[in-house]
Amino acid sequence: MPAVETVRGPVDVADLGRTLMHEHVFVVSAEYAANGAWWDEEERVADAVARLRELRDLGVTTIADPTVWGLGRYVPRIQRIAEQVPGLNIIVATGLYTYNDVPFPYLHRGPGALLDMPDPMVGDFVRDLTEGIGDTGVKAAFLKCAVDAPGLTPGVERVLRAVAAAHRETGAPITVHTHSPSEAGRPVLDLLRAEGVDLTRVVVGHAGDSNDLDYLAALADTGAILGMDRFGLDVLNPTPDRVATIAALCERGYADRMVLSHDASCFIDWFGPDPENVRKLAPNWHYRHISDDVLPALRAAGVTDAQIDQMLVGNPRRYFSAR
């Protein structure tokens, strides 16, 4: 079997086991943390170690962490944590997270920019995948970008095309954050197809925010994988509705094109420095929710253990195997 890069080095894909395909360890703005009095590095690392050990003890052996530029990726911190959680693989990504514009380090360099040149994003993404991220020695194993409510703005489209180019050069799979209410998955897959991307290597992130079976089936019929990956964010789509949608899709034969996750984190600063803010907003938005609550609910809704294994083991293994 092929190997996939993790924070601790390559792992045979056959050994990935139960995999949550969209979990963050931290989502933290470096500038916000560095200039505030509230960030305690040791406290946050110790808390993350405890949370991830708990997840491992529930039987999850791998998480794919799509934290890239724009979300606060800092691999040395993740390395520290991974060393203290043996038995849990953490797979990291490269790419860029924006809903509108490209950041200033790229804005004036690239096709049609002040410095008209091949897009430097592509080279940076490829280097992360083939040589390693910074001087950490850790290689990214997948690509990540985002298309949200603003749609395919010029900046977002540029990032998406750069991700497609890095995919063509390396064969690395892609995960795209999408906005389900505007059915952003449709233009995303159209553009990636036009760019020569193998859609069977694409996860349409946050597809599970939708309960529109026709929309979801249309995405899956392209060969793409549906990211049913925001369990616990009940403010966007309640867990019972997410469960019913997955059960209906399994009944239609789509278990081989879905992956499960929470899109949770040990800490996210989008709601301020107080972790209690997240717990008040979404009390079920944590790493245990799928194991404790969702899997029993899926079984009660008629989803078989074989289908659950397909979504948690087989589909992630295929995603990280094919080239």
Side-chain angles (χ1 to χ4, degrees), residues 2-6 10-11 13 16 19 21-22 62 64-71 73 75 91-99 102-103 106 109-111 117-133 138-148 152-178 184-207 219-227 229 257-259 261 315-323:
V4 59
E5 295 290 341
T6 77
V11 171
V13 294
L16 291 179
T19 301
M21 284 287 286
H22 196 122
T62 302
D65 182 345
T67 307
V68 293
W69 285 23
L71 289 171
R73 184 185 70 181
V75 173
I91 301 172
V92 297
T94 187
L96 198 151
Y97 188 89
T98 178
Y99 295 169
V102 297
Y106 292 122
R109 298 180 298 141
M117 56 174 32
D119 200 321
M121 275 189 279
V122 179
D124 288 346
F125 299 163
V126 170
R127 184 166 49 253
D128 284 354
L129 291 159
T130 59
E131 299 177 22
I133 298 168
V138 174
K139 295 179 182 178
F142 66 112
L143 292 143
K144 164 72 178 296
C145 56
V147 181
D148 205 84
L152 284 171
T153 67
V156 165
E157 182 174 341
R158 181 180 160 191
V159 175
L160 200 57
R161 292 187 189 279
V163 162
H167 162 85
R168 292 195 305 269
E169 185 167 339
T170 64
I174 299 169
T175 289
V176 185
H177 162 113
T178 65
R186 295 184 190 272
V188 163
L189 294 180
D190 288 344
L191 188 150
L192 291 178
R193 182 192 292 110
E195 285 288 313
V197 171
D198 176 0
L199 296 187
T200 67
R201 312 297 315 291
V202 176
V203 169
V204 181
H206 314 325
L219 300 181
D221 285 341
T222 69
I225 301 168
L226 304 176
D229 53 24
R257 274 157 284 178
M258 288 187 283
V259 291
S261 212
N315 296 340
R317 180 187 296 170
R318 187 179 73 243
Y319 176 82
F320 285 115
S321 295
R323 282 293 185 267

### Task
Go through the steps for Lys139 and Thr130 under the test side chain to side chain contact (heavy atoms under 4.5 Å, CB included), then give the verdict.
CA-CA 7 Å; Lys139 295 179 182 178; Thr130 59; over 6 Å; no
### Query
Do Leu191 and Arg161 touch side chain to side chain, with heavy atoms closer than 4.5 Å?
yes
### Message
Has Tyr99 got a side-chain atom pairing as donor or acceptor with Val156's backbone, closer than 3.5 angstrom?
### Response
no
### Query
Taking all non-hydrogen atoms of both residues, which atom of Val13 and which atom of Ser321 are closest, and how far apart?
CG2-OG, 3.2 Å
### Donor-acceptor contact below 3.5 Å, side chain Thr67 vs main chain Arg73
no
### Near-ring test His177/His22, centroid separation under 6.0 angstrom
no
### Message
With heavy-atom distances below 4.5 Å as the criterion, would you say the side chains of Met121 and Val102 are in contact?
### Response
yes
### Task
Could you walk me through whether Val204 and Val188 pass the side chain to side chain contact (heavy atoms under 4.5 Å, CB included) test, one step at a time?
CA-CA 8 Å; Val204 181; Val188 163; 5.8 Å; no
### Spacing of CG belonging to Asp229 relative to CE belonging to Met258, to within rounding of 0.5 Å
12.5 Å
### Query
Within a strict 4.5 Å, meaning less than it, do heavy atoms of the Leu96 and Tyr106 side chains meet?
yes
### Task
List the atom of Thr19, the atom of Pro316, and the distance in Å for their closest heavy-atom pair.
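Of all heavy-atom pairs spanning Thr19 and Pro316, the closest is CB-CB, 3.7 Å.
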### Summary
Interatomic distance, OG1@Thr170 vs CG@Asp128, rounded to 0.5 Å, equals 11.0 Å
### Task
Under the side chain to side chain contact (heavy atoms under 4.5 Å, CB included) rule, what do Val159 and Tyr97 come out as? Steps first, then yes or no, please.
CA-CA 9 Å; Val159 175; Tyr97 188 89; over 6 Å; no
### Close side-chain approach of Arg257 and Asp221, heavy atoms under 4.5 Å
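The answer is yes; the side chains approach within 4.5 Å.
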### Separation of Ile225 CD1 from Ile174 CD1 (nearest 0.5 Å)
11.5 Å
### Query
With sequence neighbours excluded, what pairs up with Ala164 under the side-chain contact (heavy atoms from CB on, under 4.5 Å) test?
Arg168, Leu192, Glu195, Val197
### Query
Which heavy atom in Met21 sits nearest to a heavy atom in Ser261, and how many Å separate them?
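Shortest heavy-atom contact: N-OG, 3.5 Å.
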### Message
Using only atom types and a distance under 3.5 Å, with no angle test, would you say the side chain of Lys144 pairs donor to acceptor with the backbone of Val68?
### Response
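It does not hold such a pair.
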### Query
From Thr200 OG1 over to Asn315 CG, what is the distance, rounded to the nearest 0.5 angstrom?
11.5 Å
### Message
Tell me the closest heavy-atom pair linking Ala93 and Ala140, and the distance in Å.
### Response
C-CB, 3.6 Å
### Query
What's the shortest heavy-atom distance between Val4 and Ala141, and which atoms?
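Shortest heavy-atom separation between Val4 and Ala141 comes out as CG2-CB, 3.8 Å.
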#### Entry: Nearest heavy atoms of Thr178 and Ala207, plus distance in Å
OG1-N, 4.4 Å
### Task
Mind checking the CD1-CG spacing from Ile133 to Asp124? Nearest 0.5 Å is all I need.
11.5 Å
#### Entry: Rounded distance [0.5 Å steps], OG1 in Thr153 versus CG in Asp148
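Result: 10.5 Å between the selected atoms.
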### Query
Please walk me through it: do Ile91 and Phe320 pass side chain to side chain contact (heavy atoms under 4.5 Å, CB included)?
CA-CA 10 Å; Ile91 301 172; Phe320 285 115; 3.8 Å; yes
### For Thr62, side-chain hydrogen bond (donor to acceptor under 3.5 Å, both in side chains) partners two or more places apart
Asn89
### Task
Verify, without hydrogens or angle tests, whether Asp119 (side chain) and Gly110 (backbone) share a donor-acceptor contact under 3.5 angstrom.
no
